Amino acid sequence: MRYLKPSSVEEAADLLESSQGMILAGGTDLCVYMAEGVVDPEALIDIGDLDAMRGIQAAKSDHGDVIRIGACTTIAEIATSEALPTCLRQGAQAVGSPQIRNLGTIGGNVCNASPCGDTLAPLLTLDARFVLRSSGGTRTVESGDFFTGPKQTVLGPGEILEFIEIPAASCARASAFRMIGNRKGQAISQVNAAVSLTIADGRMSDIRVAVGSVAPIPLRLTKLEGVLDGQPIDDVSLAAIREPVLEGIRPIDDVRSTATYRQEVTVSLVFDAWAECVGRASGEGECR
Ligand SMILES: Cc1cc2nc3c(=O)[nH]c(=O)nc-3n(C[C@H](O)[C@H](O)[C@H](O)COP(=O)(O)OP(=O)(O)OC[C@H]3O[C@@H](n4cnc5c(N)ncnc54)[C@H](O)[C@@H]3O)c2cc1C
């Protein structure tokens, strides 16, 4: 196996196109797959040290003001960045252990595309966009169009996730993330949920709700969003959200939990995240 260390994302894209290689970022997923014999790439293209693919900064994109996150920014950096909305920080804080968060990257979490990835529901609620680089240039994909199945995405064979962009407008909304796992520590999410919204005069608007680990891909609960949009916050209850939550999800039995358990827990996690948002919506600050 060849180990290749490009000095730019453009070089990485050229190497990816001209080889049978795979991108290596933090390696916390890929090295496990290699050790288990799930993949056996001809070359590893290590982008983990590319400074141009790291960091969190305000930027202007074709779509307006955004916060731009380099794909190789570590989960630990995401977890502690005050520049980022709360739900994304909380999602990053839920990932693995300090060792995993220090090595693992947000780009790796996204491209690994596990339905239970803890940054994915937050990115969906924030209307994140993914900037993909190939030897032919870049294209931008909405986060809601990126995931196509468990561990499957629209990423082409020669494409690299270069940046994640979060619209500034999404940062102005209050947001929160919840997950449940078998135990504290390195438990993978059995279910996770993120909510973001705006409240004015006691009514909700701009609501986004997304859940993970309850369908083949992380997904938005658009029916629930429609039910809540414009409603007074006082009208929301566990009973009121139950049916639209259950209609939106397709959980399965697996080693971590049963479908029935996931259904019950999803309703509660969404409600808890919503309640935290409502509390935070009255707070001050740019990213909430
Ligand atoms: C013990 C343990 C505990 C874990 N706990 C959690 C958890 O609680 N929650 C959670 O969500 N995850 C968890 N993970 C999974 C993993 O740590 C995360 O998914 C992490 O963010 C992956 O990032 P990485 O940089 O290590 O990716 P890598 O392993 O380097 O790459 C993962 C995949 O994405 C591809 N890839 C990486 N970056 C790019 C890019 N920029 N462009 C294109 N393709 C790319 C690689 O080719 C590979 O296929 C855990 C893993 C371990 C080993």
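Reckoned from all heavy atoms, side chains included, excluding hydrogens, waters and symmetry mates. Atoms within a ligand are numbered from 1 in the order they appear, just like the ligands themselves. Keep in mind that what you see is a predicted model, and the values were worked out from it rather than measured.
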Which of the numbered atoms in ligand 1 are below 4.0 angstrom from a heavy atom of G117? 11 (O)

Non-hydrogen side-chain atoms of C87 and T125 separated by less than 4.5 Å: yes

Should A25 be counted as touching ligand 1, given the test is an N or O pair under 3.5 Å? yes

Indicate yes or no: does an N/O atom of I47 lie under 3.5 Å from an N/O atom of ligand 1? no

Would you find a donor on one side and an acceptor on the other, under 3.5 Å apart, between the side chain of S170 and the backbone of L126? yes

N109 side, atom CG; T28 side, atom OG1 - distance, nearest 0.5 Å: 8.0 Å

Measuring from T105:OG1 to I69:CD1, what's the distance to the nearest 0.5 Å? 11.5 Å

Quick one: does ligand 1 sit under 4.0 Å from the side chain of A94, the backbone, both or neither, non-hydrogen atoms only? backbone

Do any nitrogen or oxygen atoms of N109 lie less than 3.5 angstrom from nitrogen or oxygen atoms of ligand 1? yes

Is there a polar contact between ligand 1 and G96, counting only N or O atoms under 3.5 Å apart? yes

Are the side chains of I56 and I78 in touch, meaning some heavy atoms are under 4.5 Å apart? yes

Flag E159 as yes when one of its N or O atoms lies below 3.5 Å from any N or O atom of ligand 1, and as no otherwise. no

Can you tell which part of I100 has a heavy atom less than 4.0 Å from ligand 1: side chain, backbone, both or neither? side chain

Under a 4.0 angstrom heavy-atom cut-off, which atoms of ligand 1 come close to C111? 34 (O), 35 (C), 36 (N), 39 (C), 40 (C), 42 (N), 43 (C), 44 (N), 45 (C)

Would you indicate whether the side-chain heavy atoms of R139 and E159 approach each other to under 4.5 Å? yes

Heavy-atom proximity to atom 9 (N) of ligand 1, best of I75, D118, I45: D118

Ligand 1 versus A71: contacting region, heavy-atom distance under 4.0 Å: side chain

Less than 4.5 Å apart, side chain to side chain, heavy atoms only: is that true for I166 and L88? yes

If you define the side chain from C-beta out and look only at heavy atoms, does anything of V211 sit under 4.5 Å from V270? yes

Yes or no on salt bridge (Lys or Arg N to Asp or Glu O under 4.0 Å) for R220 and E225, after CA distance, side-chain angles and deciding distance? CA-CA 9 Å; R220 290 257 304 271; E225 292 171 1; 2.6 Å; yes

Of L24, I106, T28, which has the heavy atom at the shortest distance from atom 53 (C) of ligand 1? T28

Does an N or O anywhere in V95 fall below 3.5 Å from an N or O of ligand 1? no

Does some side-chain heavy atom of P167 sit less than 4.5 Å from a side-chain heavy atom of H63? no

Have a look at ligand 1 and work out which part of L155, if any, has a heavy atom under 4.0 Å from it: side chain, backbone, both or neither. side chain

Ranking N112, L16, I23 by closest non-hydrogen atom to atom 48 (C) of ligand 1, top hit is I23

Is there a polar contact, in the sense of an N or O pair closer than 3.5 Å, between G26 and ligand 1? yes

